[in-house]
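I have placed the structure first, in the form of structure tokens, so that the comments after it can refer back to it.
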Amino acid sequence: MLIRTTPTIPTREITDERLYLDRRAFLRASVGVAAGGVAGALLPTDEAFAQAAIPNVKKSNLSTTGEKLNAFEDITSYNNFYEFGTDKGDPKANSGRFKPTPWTVKIDGEVGKPGDYTLEDLLKRFPLEERVYRLRCVEAWSMVIPWVGFPLGDLLKVVEPTSKARFVEFTTVQRPAEMPGLRYPVLEWPYREGLRLDEAQHPLTLMAVGLYGKTLLNQNGAPLRLVVPWKYGFKSIKSIARIRLTEKQPQTSWNMSAAQEYGFYSNVNPQVDHPRWSQAKERRIGEFLRRDTLMLNGYADQVAALYKGMDLKKNY
Ligand code: MTE
């Protein structure tokens, strides 16, 4: 993974709360609900997909509390989405042509109910929650983000994993005409990631469709992305087109590019350094001093049991 040695994000004084509580956005959302229900409101036909407020979102008690949220502006302008370029500002600058609607996710492999699931289907079926999570990038920076989404485990239940299913493979959509970064072989395209089935079913694992109460912007992985808060950010694959359940451990783009640097597990672990830099500390975007990185990104109480008996230095 490319690492920047010079921080490029200025500390901003943006009042995120103002954006978040934007009354007009919520009024617009109520109109959307009256017209077409939650899914209708989430799939606007107007130009402003990214600006659509999401109604009927319940706050989840699985939220991380007591930490200052990163500003909307930082979350949406300091991104990794290599399909749009490798600089932090590229995804925002280069994703304008990307069309997140209509959207279909293919779910296949070791499942009883394979099929093409539209975003609308998914939104009708699963109640949306707001979850505040820390995102710790492997490049040693972090953010605190209020996601909107539903647990991946709920979706997996619906598709009925077979007794052979042990892993889940995720694939990002591959559209060269809309994703200029695909021209460069910086990674194995399409972007691929994977989880063990029990990790994918864990209640913390979220399919996100929004943040700060609004639908995802393209640079954050519209219309549907994964968020796995105890793993390095690159596991949180964006703009998912396919979910395949498998018997064998799937290949992942970062592992294929540099296996000695990016393992399949990629759990946040301050005791296991990246071969080229330490993972003991991180810079919270918007802050000056670095802070200690927490084991499993601070979610050890909830997820450490998944790795009981495993050597986490070997399974990095
Ligand atoms: N998904 C795809 N398809 N392509 C990418 O380049 N980058 C990953 C992950 N998901 C990436 C991706 C990395 S390295 C990080 S840190 C997070 O997205 C960043 O998510 P954010 O930009 O929404 O903060």
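Atoms within a ligand are numbered from 1 in the order they appear, just like the ligands themselves.
Interface atoms of ligand 1 facing T172, defined by a heavy-atom separation under 4.0 Å, are 3 (N). Atoms of ligand 1 found under 4.0 Å from any heavy atom of C137, numbered from 1 in the order shown, are 16 (S). Near S236, with a cut-off below 4.0 Å to any heavy atom, the atoms of ligand 1 are 9 (C), 10 (N), 18 (O). Those atoms of ligand 1 that come under 4.0 Å of a heavy atom in N79, given as number and element, are 21 (P), 22 (O), 23 (O). If you number the atoms of ligand 1 from 1 as listed, the ones under 4.0 Å from a heavy atom of G233 come out as 8 (C), 9 (C), 13 (C), 15 (C), 16 (S), 17 (C), 18 (O).
The ring of Y78 has its center closer than 6.0 angstrom to the ring center of W141.
Using a 4.0 Å cut-off between charged side-chain N and carboxylate O, E287 and K68 make no salt bridge. Salt-bridge annotation for R134 and E282: absent, with no side-chain N of the basic residue lying under 4.0 Å from a carboxylate O of the acidic one. Comment: E199 engages K231 in a salt bridge, judged by a side-chain N to carboxylate O separation of less than 4.0 angstrom.
Comparing K238, K235, R192, Q219 by heavy-atom distance to atom 19 (C) of ligand 1, the nearest is K238. Of the listed residues (Y82, Y191, Y262), the one carrying the non-hydrogen atom nearest atom 8 (C) of ligand 1 is Y191.
The list of ring-ring contact (aromatic ring centres under 6.0 Å, His included) pairs with a residue in residues 149-184, not counting sequence neighbours, reads F126-F150, F167-F264.
No more than 12 heavy atoms of other residues, nucleotides or ligands sit less than 6.0 Å from atom CD of Q251.
Of the N or O atoms in R225, one or more lie within a sub-3.5 Å distance of an N or O in ligand 1.
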